[in-house]
Amino acid sequence: MEITLKSGQKVVIREVSLEDAEKLLNFYKKATNETNFLAYGPGEFNFKIEEEREFIKKQMQDKKSLMAVAEHRGRIVGSISFKPSVGTQFSHYGEMGIAVLKEFWGEGLGYTLISYLKKWAKDMGVRKINLNVRVDNKRAISLYEKAGFVYEGRISRHYLIDGVFYDSFIMGLEID
Ligand SMILES: CC(C)(COP(=O)(O)OP(=O)(O)OC[C@H]1O[C@@H](n2cnc3c(N)ncnc32)[C@H](O)[C@@H]1OP(=O)(O)O)[C@@H](O)C(=O)NCCC(=O)NCCS
């Protein structure tokens, strides 16, 4: 699917493939260096290309999980993932993760990636998308609110960065 960003730049959103391992690695390295709102902080994302290939392979084998990327001129500039919960009674929901390179923030790419996931989730019969977001991640929170997510709770001490704890909100989107 090709979309035009607010700046007029064209981006393709598609599911990841094994050939993306190096590109995806470079993307995650850059994205984690630009923010500490992700699971890995600056300089901490040090996976090898073979590990990245294995990660992609597992994602592709599990039809109930999604890893989609936004590609601009052959470079990955955004990603969205959905990880299904384990257990038959939990199989109707899963966890979302999203990241966009800083130079593309505010262009509507985050919103488009979530819309892509919402359509995929509906087609797959997913009934609920959950996420956690640091309480001070204002940009992400307003994006999630705009996309229809609601507050469901708060996790204290969810992050520990350089000796400082940060709480997270639990947010969710029901799909009917
Ligand atoms: C959070 C993130 C995915 C948002 O992506 P994005 O492409 O910038 O999002 P969009 O441009 O689609 O939408 C951003 C929305 O956030 C809001 N927003 C934009 N700038 C903002 C700011 N400075 N403060 C608060 N909200 C802001 C607006 O509602 C905006 O929508 P609008 O431009 O239509 O008004 C991106 O900033 C990112 O990757 N951040 C680092 C990683 C991260 O935090 N991931 C989420 C972890 S839970």
Side-chain angles (χ1 to χ4, degrees), residues 1-16 20 23-47 52 55 59 65-73 75-85 93-121 126 128-162 164-173:
M1 159 183 147
E2 188 177 81
I3 55 135
T4 305
L5 299 177
K6 287 178 187 168
S7 62
Q9 300 187 91
K10 293 203 186 318
V11 166
V12 171
I13 299 181
R14 58 168 176 80
E15 290 200 29
V16 79
D20 291 320
K23 283 186 197 174
L24 198 60
L25 210 53
N26 291 335
F27 164 73
Y28 282 138
K29 278 187 183 157
K30 194 163 177 9
T32 51
N33 278 337
E34 292 177 342
T35 172
N36 61 8
F37 289 131
L38 294 167
Y40 293 90
E44 291 172 1
F45 193 87
N46 291 315
F47 289 96
E52 199 60 21
F55 169 76
Q59 289 282 333
S65 74
L66 175 75
M67 168 60 72
V69 293
E71 193 172 26
H72 174 69
R73 295 188 175 166
R75 188 167 63 118
I76 294 175
V77 298
S79 74
I80 191 152
S81 63
F82 177 84
K83 195 166 167 270
S85 293
Y93 68 84
E95 184 104 2
M96 183 192 108
I98 186 169
V100 169
L101 290 187
K102 205 168 195 168
E103 63 196 89
F104 285 83
W105 286 4
E107 296 254 358
L109 185 51
Y111 189 83
T112 307
L113 284 167
I114 293 180
S115 306
Y116 183 94
L117 169 63
K118 277 158 84 172
K119 186 184 177 310
W120 175 88
V126 172
K128 175 93 193 286
I129 301 173
N130 293 329
L131 61 82
N132 299 314
V133 57
R134 235 172 78 180
V135 293
D136 55 338
N137 193 349
K138 292 198 168 55
R139 179 182 291 271
I141 290 169
S142 39
L143 168 64
Y144 300 149
E145 283 176 336
K146 220 174 89 183
F149 283 79
V150 297
Y151 292 90
E152 298 189 341
R154 184 171 180 134
I155 307 170
S156 76
R157 297 189 168 189
H158 196 211
Y159 286 71
L160 176 57
I161 302 169
D162 296 333
V164 180
F165 294 116
Y166 296 87
D167 291 3
S168 282
F169 290 125
I170 302 169
M171 297 184 81
L173 178 78

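Sequence positions, counted from 1, serve as the residue numbers for this chain. Given the structure is predicted, the values throughout are model-derived calculations rather than measurements. Both ligands and their constituent atoms are indexed starting at 1 by order of listing.
The closest side-chain heavy-atom distance from E95 to N132 is below 4.5 Å. At a threshold of 4.5 Å between non-hydrogen side-chain atoms, the residues N130 and E152 count as touching.
Crowding of K83 atom NZ: a count of heavy atoms from other residues, nucleotides or ligands under 6.0 Å not exceeding 12.
The minimum heavy-atom distance between F27 and A99, with the atom names listed, is CZ-O, 3.5 Å.
Here the options are K10, Q9, E103, the test is side chain to side chain donor-acceptor pair (under 3.5 Å), and the partner is H72; only Q9 passes.
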Which pairs of N or O atoms, one from ligand 1 and one from the protein, are separated by less than 3.5 Å, and what is the distance for each pair?
unit_1	atom_1	unit_2	atom_2	d
ligand 1	7 (O)	G110	N	2.8
ligand 1	8 (O)	G106	N	2.8
ligand 1	11 (O)	G106	N	3.3
ligand 1	11 (O)	E107	N	3.3
ligand 1	11 (O)	G108	N	2.8
ligand 1	12 (O)	G110	N	3.3
ligand 1	12 (O)	Y111	N	2.8
ligand 1	16 (O)	R139	O	3.4
ligand 1	20 (N)	R139	NH1	3.3
ligand 1	26 (N)	S142	OG	2.7
ligand 1	31 (O)	K146	NZ	2.9
ligand 1	33 (O)	K6	NZ	2.9
ligand 1	34 (O)	K6	NZ	3.4
ligand 1	34 (O)	K146	NZ	2.4
ligand 1	37 (O)	W105	NE1	3.3
ligand 1	39 (O)	V100	N	2.7
ligand 1	39 (O)	V100	O	3.3
ligand 1	44 (O)	N137	ND2	2.8
ligand 1	45 (N)	I98	O	3.0

Start with the C-alpha distance between F169 and F149, add both sets of side-chain angles, then the distance that settles ring-ring contact (aromatic ring centres under 6.0 Å, His included), and finish with yes or no.
CA-CA 11 Å; F169 290 125; F149 283 79; over 10 Å; no

